[in-house]
Amino acid sequence: MKNAVIGNNKQKANLIVLGAVPRLLYLLQQETSSTELRTECAVVLGSLAMGTENNVKSLLDCHIIPALLQGLLSPDLKFIEACLRCLRTIFISPVTPEDLLYTDATVISHLMALLSRSRYTQEYICQIFSHCCKGPDHQTILFNHGAVQNIAHLLVSTSYKVRMQALKCFSVLAFENPQVSMTLVNVSVDGELLPQIFVKMLQRDKPIEMQLTSAKCLTSMCRAGAIRTDDPCIVLKTLPCLVRMCSKDRLLEERVEGAETLAYLIETDMELQRMASITDHLIVMLADYFKYPSSVSAITDIKRLDHDLKHAHELRQAAFKLYASLGANDEDIRKKIIETENMMDRIVNGLSESSIKVRLAAVRCLHSLSRSVQQLRTSFQDHAVWKPLMKVLQNAPNEILVVASSTLCNLLLEFSPSKEPILESGAIELLCSLTQSENLALRVNGIWALMNMAFQAEQKIKSDILRGLSTEQLFQLLSDSDVNVLMKTLGLLRNLLSTRPHIDHIMSTHGKQIMQAVTLILEGEHNIEVKEQTLCILANIADGTTAKELIMTNDDILQKIKYYMSHSNAKLQLAAMFCISNLIWNEEEGSQERQDKLRDMGVVDILHKLSQSSDPNLCDKAKTALQQYLA
């Protein structure tokens, strides 16, 4: 059987159909079978697992994993190795659920103990761990079972395969995991610290997969804060190694992995972004990622075409991600990216690709570039980027919506020429619906975009926003538990209530509700910034012609303004003074009555006190206000 199935998928399928698997498993588990027989059974099963995914499914259906794990308790090393080899083959298949390794708590500790038995047990067990470690829960289980201490010494094994599998283990254990990363920095093997061992594995004379995997380990450790971003092992070793992986002479898979790892390494660090952008013409080099599948002439290239097609969207996704990281902070880098051949067209095309991963990466890239005032005014306008962006926002999954709506916030800034057409394409309705989302980031972005839209806008737009939001929704947002949502909503109100005719118009239709909202916030338990923003809204209302009356006839609000004039925080005092100044300004009708009413409330006494203040801003503001009384 063994000789018949090796390298022959048809024969493997035949044997499975004929029911060989249950019989082989039966013999494998029989105590009476000789060790040689049991080992041969494990070898044949391992060979069947090497076939198609359907084969692996058939083996899983016959409960092969518990049988093989049971086999690991045997004293015979050859049999253990055969079981491990078969387990390894099954676990690296995409159809096998990783959790099968963790169902019995004793399995992991037993595997750790088997690591010392032979170089084969080391290779297979490390390979099983690195394939079955998905997410923080698995990382924690392996970490708590001593994975770091048990695997570290394998990095200096005489066998390349063992070194490589151990390295892969560390790259998945440390990924986005500060606990593991912080531990790795201080582990040493034969007197050498792990980061130094990783750096040695990065060198150009090492095989590419080793260079890439050790760069991933150092990247994870750097992002977790275990290694500083200006450490020579990052700046002089890891970063240049990853840029090398993006070059044309690397395999497509290596270029994808290199670019994605580099994007992650430099994502939050301005200095690393700057360095990467000037290493080996990286920005131009990435433009090549969009040229697959390349035009195929001869029929002999069909195989290559198939390979290119498979990797084309991965390449585009990786390039977009890296461009997004490169352009996150620096204006000059963004300019270079946008000037790369057909870049804006490529992003626009990326926004409508079928692959959700490419769409997400393209939106990320667009978001990064939209932080540039100059680009918003030029390239973004020339390519009408807002059109495909609005389309993406129609029915995308949340992770795309969050980034796309952040980009829209930038396109709605007052200096962006895209603002008008976006409004005409029904953005208000879309954004108002985002403010009702369960997802916090979407609520923040929806209200933020409306805030930007209302800035210096004409009255019709402001009315449309208020109508679209509805008073209930506005109150909902003002009582949101997240301070970000609250601040942006207050920012929106402040932008809506600017310029006199607008203030009067809005307060004539929504005055009662807005005054209620203001009272609510000034009475609530809120931080200084929130209260300051609220007092600024009151100052805007006080600047209206007819709107003033809503404050003057509301004794409760007047008492609150008076209270904040004597508050311990100067910011709040200043904001309250703005309200007073706007109410008592001389040239306006009815100023005499307002001045008298406020004098009776004791406001003038407070102004006198404040005019002696050691804070120059407060002092000036108080003197200016007192002059209104004297004039």
Side-chain angles (χ1 to χ4, degrees), residues 212 215-216 218-220 222-223 228-231 234-248 250 252 254-292 313-351 353 357-376 378-380 383 385 389 403-404 406-407 410-411:
L212 244 177
K216 276 175 140 174
L218 289 161
T219 294
S220 289
C222 178
R223 281 301 303 265
R228 288 169 53 115
T229 51
D230 56 3
D231 188 300
I234 297 296
V235 178
L236 303 176
K237 301 289 185 188
T238 311
L239 187 138
C241 166
L242 289 168
V243 174
R244 277 203 308 276
M245 295 302 151
C246 298
S247 77
K248 218 170 172 169
R250 298 267 54 89
L252 298 187
E254 293 160 359
R255 292 169 77 181
V256 167
E257 211 170 325
E260 295 211 327
T261 310
L262 183 54
Y264 180 54
L265 174 65
I266 67 174
E267 189 177 13
T268 53
D269 191 273
M270 221 165 147
E271 201 39 45
L272 290 179
Q273 290 158 9
R274 217 184 46 72
M275 294 181 76
S277 73
I278 53 172
T279 306
D280 296 354
H281 305 292
L282 177 64
I283 292 179
V284 179
M285 192 150 73
L286 283 178
D288 198 66
Y289 278 46
F290 295 94
K291 296 181 180 163
Y292 295 88
H313 66 272
E314 290 177 7
L315 282 161
R316 288 196 294 277
Q317 176 195 341
F320 281 141
K321 272 189 187 165
L322 185 43
Y323 276 139
S325 286
L326 283 164
N329 293 297
D330 189 292
E331 196 57 39
D332 294 334
I333 298 177
R334 289 183 199 129
K335 194 165 180 301
K336 275 189 199 156
I337 293 173
I338 286 181
E339 286 168 1
T340 311
E341 47 175 334
N342 308 334
M343 194 58 211
M344 289 310 278
D345 293 332
R346 289 188 169 135
I347 296 177
V348 167
N349 292 338
L351 292 176
E353 281 211 27
K357 286 184 170 166
V358 178
R359 283 210 306 277
L360 179 59
V363 173
R364 278 215 179 115
C365 183
L366 191 64
H367 178 236
S368 186
L369 299 173
S370 75
R371 294 191 179 121
S372 153
V373 175
Q374 198 203 346
Q375 301 309 337
L376 283 175
T378 53
S379 319
F380 275 56
H383 290 81
V385 168
L389 186 66
V403 191
S406 292
T407 312
N410 292 345
L411 289 182

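Every value quoted in this text rests on a predicted model; they were computed, and no experiment measured them. The figures that follow rest on heavy atoms only: side chains count, while hydrogens, waters and symmetry mates do not.
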Over all atoms of both residues, closest heavy-atom pair of C246 and G258: SG-C, 4.1 Å
Heavy-atom closest pair, residues L369 and F380: C-CZ, 3.9 Å
Side chain to side chain, L218 and L265, heavy atoms closer than 4.5 Å: no
Trace of the side chain to side chain contact (heavy atoms under 4.5 Å, CB included) decision for M270 with I333: CA-CA 11 Å; M270 221 165 147; I333 298 177; over 6 Å; no
Test item: D230 and E271 side chains (from C-beta on) under 4.5 Å apart, heavy atoms: no
Basic-acidic side-chain contact under 4.0 Å: E257, R250: no
Side chain to side chain contact (heavy atoms under 4.5 Å, CB included) between V363 and T407, intermediate numbers included: CA-CA 8 Å; V363 173; T407 312; 4.3 Å; yes
Residue pair K335 / Q375, side-chain heavy-atom distance below 4.5 Å: yes
From L411 atom CG to L366 atom CG, the distance as rounded to the nearest 0.5 Å: 7.0 Å
Set of residues satisfying side-chain hydrogen bond (donor to acceptor under 3.5 Å, both in side chains) with respect to K357, sequence neighbours excluded: none
Distance-minimising heavy-atom pair for S379 and M344: CB-CG, 4.0 Å
Candidates M285, M275, H281 - the one meeting side-chain contact (heavy atoms from CB on, under 4.5 Å) with V243: M285
Y289 side chain near R316 side chain, heavy-atom distance below 4.5 Å: no
Contact check, side chains of R334 and Q374, non-hydrogen atoms, under 4.5 Å: no
side-chain hydrogen bond (donor to acceptor under 3.5 Å, both in side chains) partners for D269, two or more places apart: T229
Hey, can you pull the donor-acceptor pairs under 3.5 Å for the side chains in residues 317-326, sequence neighbours left out?
unit_1	atom_1	unit_2	atom_2	d
Q317	NE2	E260	OE2	3.4
K321	NZ	E260	OE2	3.2
Y323	OH	I283	O	2.7
Y323	OH	A287	N	3.4
S325	OG	A263	O	2.8

Check: D288 and R255 side chains under 4.5 Å, non-hydrogen atoms: yes
Qualifying residue, where the test is side-chain contact (heavy atoms from CB on, under 4.5 Å) with I266 and the options are T219, L272, T261, L242: L272
Q273 side chain to D330 side chain, donor-acceptor N/O pair below 3.5 angstrom: no
Heavy-atom side-chain proximity of T268 to R223 below 4.5 angstrom: yes
Atom pair CG/CG of L239 and L262 - distance to nearest 0.5 Å: 5.5 Å
Where L389 and L351 come nearest, the two heavy atoms and their spacing: N-CD1, 4.2 Å
